[in-house]
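Reviewing the structure listed below.
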Number of protein chains: 2
Amino acid sequence: MKKLPKISESEWLVMRVLWSKSPLAAQEVFEQLDATTKWKPKTVKTLIDRLVKKGAVKYEKDGRRYMYYPAVGRDEYVTKERRSFVRRVYGGISKPMLAAFLEDAELSADDISELKEILEQKAEE
Amino acid sequence: MKKLPKISESEWLVMRVLWSKSPLAAQEVFEQLDATTKWKPKTVKTLIDRLVKKGAVKYEKDGRRYMYYPAVGRDEYVTKERRSFVRRVYGGISKPMLAAFLEDAELSADDISELKEILEQKAEE
DNA sequence: CTCCTAAGATTACATTTGTAATTATATACA
DNA sequence: TGTATATAATTACAAATGTAATCTTAGGAG
């Protein structure tokens, strides 16, 4: 698998927007983020530009503006981040970590059954 | 609860050492890290100094050197990081995230039972 | 008492990140 | 066709980070 560029905290918010809907113009990305951040349009544009430079976002022309879309898959990224997180914080995936996550979660009965099933699956290996 | 200072990627490695054993002299911290990093002693010292400045590490004198120890609890930190991780990456704790963690984990039969128990506990709430 | 040496203190410096502002340019409207 | 305006391109600038090197000083070796 290819090396995925590092995405900073702020850049993640931009990626999340593009992963949820794309292609989007810079202006539209800004609008999506306006609710949750205090960023100015220029700030959002800078973040997008950096993501393009890093190769995490691509674009196509649409008249005088660019329409941006993710160049990397959300799932790959999430997996990478999840792993680097557990390595950094717990030194590797571990039961105490999972326990903490589970305890911290708000789960519906359905969610709980599904997760239990995953565990049962694993028990069989 | 008090505000916990931000700890960078590299600083985490230092904290992990001190959380596992302390107090330690800078030299000793370096020795612990030498196996897993390519850092020079001076680099480790700089990281320690920054952690002291941030208030994450304290020290006491021991002759002409300092013995360092964590000023913040590992558990608080891990909780904080875990939450900021899920917020950033998943936008909040979620079942898909937990499922991914569980699937990615290497678990013993005992671990699995324990985790299932946690889930059952949650089911009752 | 003097000098070497190991710690600590100070300084360095490029890169990344957060957060924009300024400048150039292509259009759409008057 | 000249001009206001929306976009893009370029530039800004401080703080944090990664990764040390150099300078200073106190204690131990001779």
Side-chain angles (χ1 to χ4, degrees), chain A residues 3-18 23-69 77 81 84-85 87-89, chain B residues 3-18 22-34 36-69 80-81 84-85 87-89:
Chain A
K3 280 261 299 180
L4 301 171
K6 280 245 174 292
I7 290 178
S8 81
E9 188 92 13
S10 301
E11 288 163 356
W12 259 96
L13 296 185
V14 173
M15 289 307 291
R16 293 236 316 266
V17 168
L18 291 175
L24 290 180
Q27 176 61 213
E28 296 169 319
V29 175
F30 164 72
E31 281 158 17
Q32 293 294 310
L33 290 168
D34 198 29
T36 42
T37 71
K38 297 292 170 214
W39 297 339
K40 304 287 162 63
K42 306 289 184 163
T43 301
V44 174
K45 188 60 166 58
T46 297
L47 291 172
I48 294 173
D49 288 344
R50 286 180 183 169
L51 286 166
V52 167
K53 192 166 302 168
K54 288 181 181 185
V57 163
K58 289 197 183 312
Y59 58 84
E60 45 189 49
K61 277 214 150 138
D62 171 49
R64 74 306 200 3
R65 67 192 186 157
Y66 295 147
M67 301 299 285
Y68 298 94
Y69 60 91
Y77 248 97
E81 288 295 308
S84 96
F85 163 76
R87 207 179 332 102
R88 177 163 59 87
V89 173
Chain B
K3 278 260 297 178
L4 302 171
K6 280 245 174 292
I7 290 178
S8 82
E9 187 91 14
S10 302
E11 288 163 356
W12 259 95
L13 297 185
V14 173
M15 290 306 291
R16 292 237 315 267
V17 168
L18 291 175
S22 73
L24 290 180
Q27 176 60 213
E28 297 170 317
V29 175
F30 164 72
E31 280 158 19
Q32 293 294 310
L33 290 168
D34 198 29
T36 42
T37 71
K38 297 292 171 212
W39 297 339
K40 305 286 163 62
K42 304 292 184 166
T43 301
V44 174
K45 188 61 165 58
T46 299
L47 292 172
I48 294 173
D49 289 344
R50 285 180 184 167
L51 286 165
V52 168
K53 192 166 301 168
K54 288 181 182 185
V57 164
K58 290 197 183 312
Y59 59 84
E60 45 189 47
K61 276 212 151 140
D62 171 50
R64 67 332 197 341
R65 66 191 187 159
Y66 295 148
M67 302 299 285
Y68 298 94
Y69 59 91
K80 164 196 157 73
E81 288 295 308
S84 97
F85 163 77
R87 207 178 333 101
R88 179 163 57 87
V89 172

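Here is the naming used below: chain letters follow the sequence lines, and residue numbers restart at 1 for every chain.
The CD atom of B:Glu28 lies 6.5 Å from the CD atom of B:Glu31; values are rounded to the nearest 0.5 Å. Taking CD of B:Glu81 as the start and CG of B:Leu4 as the end, the distance is 9.0 Å to the nearest 0.5 Å. A:Leu18 contributes atom CG, which lies 9.5 Å from atom CD of A:Gln32 (distance to the nearest 0.5 angstrom). In this structure, A:Tyr77 OH and A:Lys6 NZ are separated by 8.0 Å, a value rounded to the nearest 0.5 Å. Between A:Met15 atom CE and A:Ser10 atom OG the span is 13.5 Å, to the nearest 0.5 Å.
Among A:Leu47, A:Leu13, A:Val57, A:Val14, the single residue meeting the side-chain contact (heavy atoms from CB on, under 4.5 Å) criterion with A:Val29 is A:Val14.
Contacts of A:Ser8 with the nucleic acid, taken as non-hydrogen atoms under 4.0 Å apart, involve only primed sugar atoms and P, OP1 or OP2. Using a 4.0 Å heavy-atom distance criterion, A:Ser10 is classed as a sugar-phosphate-only contact. Contacts of A:Ala25 with the nucleic acid, taken as non-hydrogen atoms under 4.0 Å apart, are absent. Looking at heavy-atom distances under 4.0 Å, A:Lys54 makes contact with sugar-phosphate atoms alone, never a base. Nucleic acid contact class of B:Lys38 (heavy atoms, under 4.0 Å, all strands): sugar-phosphate only. Residue B:Lys45 is in sugar-phosphate contact alone, with no base atom involved, counting any heavy-atom pair closer than 4.0 Å across all strands shown.
In the helix from C:dC1-D:dG30 to C:dA30-D:dT1, the end axes, each obtained as the rotation axis mapping the C1' atoms of four pairs onto the next four within a five-pair block, lie 20° apart to the nearest 10 degrees.
Near-neighbour residues of DNA chain C inside residues 56-65 of chain B, defined by a heavy atom below 4.0 Å, number-ordered: B:Arg64, B:Arg65.
Between A:Tyr68 atom OH and D:dT7 atom P there is a gap of 11 Å when expressed in whole angstrom units. Rounding to whole angstrom units, CD of residue A:Glu9 and C1' of D:dT17 are separated by 15 Å. Rounded to whole angstrom, the span from the OH atom of B:Tyr66 across to the P atom of D:dT25 amounts to 13 Å. Atom CG in B:Leu33 sits about 13 Å away from atom P in D:dG18, given to the nearest Å. Spacing between atom CD of A:Glu31 and atom P of D:dA6 amounts to 13 Å, rounded to whole angstrom units. The distance between atom CG of B:Leu47 and atom P of D:dA16, rounded to the nearest whole Å, is 15 Å. One interatomic measurement links the two molecules: CE of A:Met67 to C1' of D:dA6, which rounds to 15 Å at whole-angstrom precision. Put simply, CG on B:Asp49 is 15 Å from P on D:dA21, counting in whole angstrom units.
Residue B:Thr46 has its side chain nearest to D:dA20 when only D:dA20, D:dG18, D:dA9 are considered.
Using a 30° and 60° split on the angle between ring planes, B:Tyr68 and B:Tyr59 fall in the perpendicular class, above 60°.
For the pair A:Ile7 and A:Lys54, the minimum side-chain heavy-atom distance is 4.5 Å or more. In this structure, the side chains of A:Arg65 and A:Gln27 stay at 4.5 Å or more apart for every pair of heavy atoms.
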Full working for side chain to side chain contact (heavy atoms under 4.5 Å, CB included) between B:Lys61 and B:Tyr66: CA-CA 5 Å; B:Lys61 276 212 151 140; B:Tyr66 295 148; 3.3 Å; yes

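Using a 4.0 Å cutoff to heavy atoms of chain B, the contacted part of DNA chain C runs 5' to 3' from C:dA7 to C:dA12.
Residue A:Lys6 is the one, among A:Thr43 and A:Lys6, whose nearest nucleotide of DNA chain C lies closer to the 5' end (criterion: closest heavy atom).
A salt bridge does not link B:Asp49 to B:Lys53: none of the charged side-chain nitrogens sits closer than 4.0 Å to a carboxylate oxygen.
Between the base of D:dT22 and the side chain of B:Lys42 there is a donor-acceptor pair shorter than 3.5 Å.
Side chain of B:Thr37 to backbone of B:Leu33: a donor-acceptor contact under 3.5 angstrom is found.
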